[in-house]
Amino acid sequence: MDIDFKNSLNDRQYEAVRMYNGPVLILAGAGSGKTRVIIYRIAYLLQQGIPQKSILAVTFTNKAAREMSTRVRDLVGRNLRNLTISTFHAFGSKILRECIHILGYRLNFSIYDQQDKVTLLKDLAREAGFKNDSLDLYAVSNIFSGIKMGRLRWTSFTDQYKDLYSEYNSHLKLYNAVDFDDLITLPIELLKGYPDILKKYRDRYSYFMVDEFQDTSLIQYEFIKLIAYHTKNLCVVGDDDQSIYSWRGANYGNILTFEQDFPGYKEIKLEQNYRSTGKILLAANHLIAHNKNRKEKKLWTGTEDGEFLQFSIHDNEKCEGEFIAEQIKSLKMKNRYSYSQFGVLVRTNSLTRSIEEAFVYANIPYKVSGGMSFFQRKEVKDIISYLRIIANPDDDMNLLRIINVPRRGIGKKSIQYITQVAINKSCSLYSAIMAICHASDADINKKANTELSDFAGMIEYYRQKFFSRNKMADTLKSLVEHIDYWGHLVQEHKKGNTARWKYMNVEGLINSLADYENDPDNPEPGLYSYLNRITILTNDDNQNTQDEDKVNLMTIHSAKGLEFDAVFTAGVEETIIPHTRSIEEDASNIEEERRLFYVAITRAKKYLFLTACRQRRKKGKVIDVQISPFIDEIPDDLIEVYEEEDTFTQEDAENYFQKMRRGFERE
DNA sequence: CACTACACATGCACG
DNA sequence: ATGTGTAGTG
């Protein structure tokens, strides 16, 4: 390994890389080469002779983790199988795979994602007598998460869900399942309650880094502190101005807590921006300066001032989309940009619709990131449920999902009966099925009994195959054929290519399993670890890489950490950014909305377009909207405003006078 | 008793 | 596009 650290980094970065003993806080402004510092820092640790297995780096997404591994590997020029770079959740599940049995779970535990959680809650709520439509399970699930993670307390309002909460948790345990929050709380329970386990992990790791520290929650910080506190070789990297995940517990106050927990820590500010032009950076600085709660920093850049920011106002979202499409085309011509150098950012997923339509019309290739991820799709989840039952037969929820998919004549009555048997024997549904099949006195009709036997026999057959042969993907393929999932899809989707498309996704799952078991770098290619793995993948993880030349269309949240030569931020309107629901919830959320806008702006390298509409269609209704107050926080001399002239279509004509009036008001 | 077909409402801000 | 509720059928 022969790396010229000094000349690959600026002075501050170099300092951050070399300061590897003791607590370090790196405040890394947008575009200041944060990832570069982390990668070089790991390489530096290795160069100092620190064994790779002693290094633990935590990132926010699996994608970031993977990218970081690759870049470190490329830099040091060798494979690093024992270097741990993972997300909090992946690290938590790693610990659980090693010692969850101590807490009374079995090692083949299932992980429930958000969707699974809501499904389970739905069943339990029904049993508990809640009327189906009387409660917002999504909201309840968030409350439960807040309670479990210690950021909410029971209130007079939420007390009504206390029983449901304990039902939920005891059912998880009964099913030998954990939810996403448990991936953090259970490891903490293990580390706190069992000194030998704590010792094991403390002995193993001695150098720690946390990326995106402003996005860690209190409990995640506690988690890492438990393992890292004794060596104090903890380096956290973050930017309070880019904290945009408070709604899921992120707490940039952790930066202050860190300062208190590790007195004598070293602080390094990375303030040189390598990404944006002077004007873009200046605009960002002015905007974010309106926030009261922040650590003071001043980003600067040595590069040119660049172009003016463009703010344009359009009649409606259709015009806005067309404008963006036109600008992309002309900018592409002018600068010989490829499509992938453009990013179009929006506050909410629903805003992508009109822009997509404009792109389709203008023949602009694009990709949308976010939305439903591959592993969340119904057809993929169905097959995963089969795998789950094979891995963990106690998982009643997944059993219920697939027991009659495809239809095999096991309906409501049969399921009621099985449930009753399970309750009487206090065993899982699957065990109940086995018992019914073997019992001569089962009170169930012959046809249903045969169906149940066939089902159980099939599961047993494939379980045996999965654990006796190495070719899991082949086994899965024959399972999919055995249950005739294709026939099921054709029946459910008679028109169009839907069935074909969905079956391709199922084949995609089989391929992913094949890739997993054939990966020579995979230290534990088993079914359990595969299932754990795919469940904790986040949306960003199956995004296609940038080898496709397409315009990137995404939410601001998912644009975090990315950069584009030209950025369009659409829907820069009051009610969108800042978002009404965010402000309604708590007026102080305005600062987080401003940070969100700041993140959007700082994604741009050369060109930044902000667009807004006068009217926007929302849930079928056309409503008038105002431009975002954040626009006024950007100095006038950095921004060019362009008001698209009213086009006199029929729709516009109706509102002509209204618009005139608004036009004057603006003057 | 399970299945089918059809009507229906709902589209969770951000992962 | 997806889930849910209902009525009618074999």
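Remember, predicted model here, so these are calculated numbers, not experimental data. Residue numbers begin at 1 in each chain, while the letters A, B, ... track the order of the sequences.
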Between atom [atom1] in [X] and atom [atom2] in [N], what is the gap in whole Å?
X        : N      : atom1 : atom2 : answer
A:Ile583 : B:dC14 : CD1   : P     : 16 Å
A:Lys446 : B:dC1  : NZ    : P     : 18 Å
A:Lys378 : C:dT4  : NZ    : C1'   : 13 Å
A:Tyr112 : B:dG15 : OH    : P     : 25 Å
A:Asp181 : B:dG15 : CG    : C1'   : 13 Å
A:Gln115 : C:dT2  : CD    : P     : 11 Å
A:Gln214 : B:dG15 : CD    : P     : 16 Å
A:Lys494 : B:dA5  : NZ    : C1'   : 9 Å

Under 4.0 angstrom between [X] side-chain N/O and [N] OP1 or OP2:
X        : N      : value
A:Lys560 : B:dG15 : no
A:Lys447 : C:dG10 : no
A:Thr498 : C:dA1  : no

Original post:
Are the side chains of A:Ile459 and A:Ile389 in touch, meaning some heavy atoms are under 4.5 Å apart?
Top reply: yes

**OP:** Check the angle between the aromatic planes of A:His89 and A:Phe180 and answer parallel, tilted or perpendicular using the 30° and 60° thresholds.
**Re:** tilted

**OP:** Would you jot down, in residue-number order, the residues of residues 404-411 of chain A having a non-hydrogen atom under 4.0 Å from DNA chain B?
**Re:** A:Asn404, A:Arg407, A:Arg408, A:Gly409, A:Gly411

Subject >> Set of residues satisfying side-chain hydrogen bond (donor to acceptor under 3.5 Å, both in side chains) with respect to A:Glu592, sequence neighbours excluded >> reply: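 So A:Glu592 forms a side-chain hydrogen bond (donor to acceptor under 3.5 Å, both in side chains) with A:Ser246, A:Arg595.
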
Subject >> Set of residues satisfying side-chain hydrogen bond (donor to acceptor under 3.5 Å, both in side chains) with respect to A:Ser628, sequence neighbours excluded >> reply: none

Return the set of residues passing ring pair (Phe, Tyr, Trp, His ring centres under 6.0 Å) with [X] (not counting sequence neighbours), or none when no residue passes.
X        : result
A:Tyr175 : A:His171
A:Phe109 : none
A:Tyr245 : A:Phe60, A:Trp247, A:His557
A:Phe630 : A:Phe597

Original post:
Listed by chain and number, what are the side chain to side chain contact (heavy atoms under 4.5 Å, CB included) partners of A:Lys502, not counting sequence neighbours?
Top reply: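 Listed in chain order: A:Glu379, A:Leu489, A:His493, A:Thr498.
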
Below 3.5 Å is the cut-off: list the nitrogen or oxygen pairs between protein and nucleotides 10-13 of chain B, distance only.
from	atom 1	to	atom 2	distance (Å)
B:dA13	OP1	A:Arg581	NH1	2.1
B:dA13	N6	A:Glu585	OE2	3.1
B:dA13	N3	A:Arg347	NH2	2.8

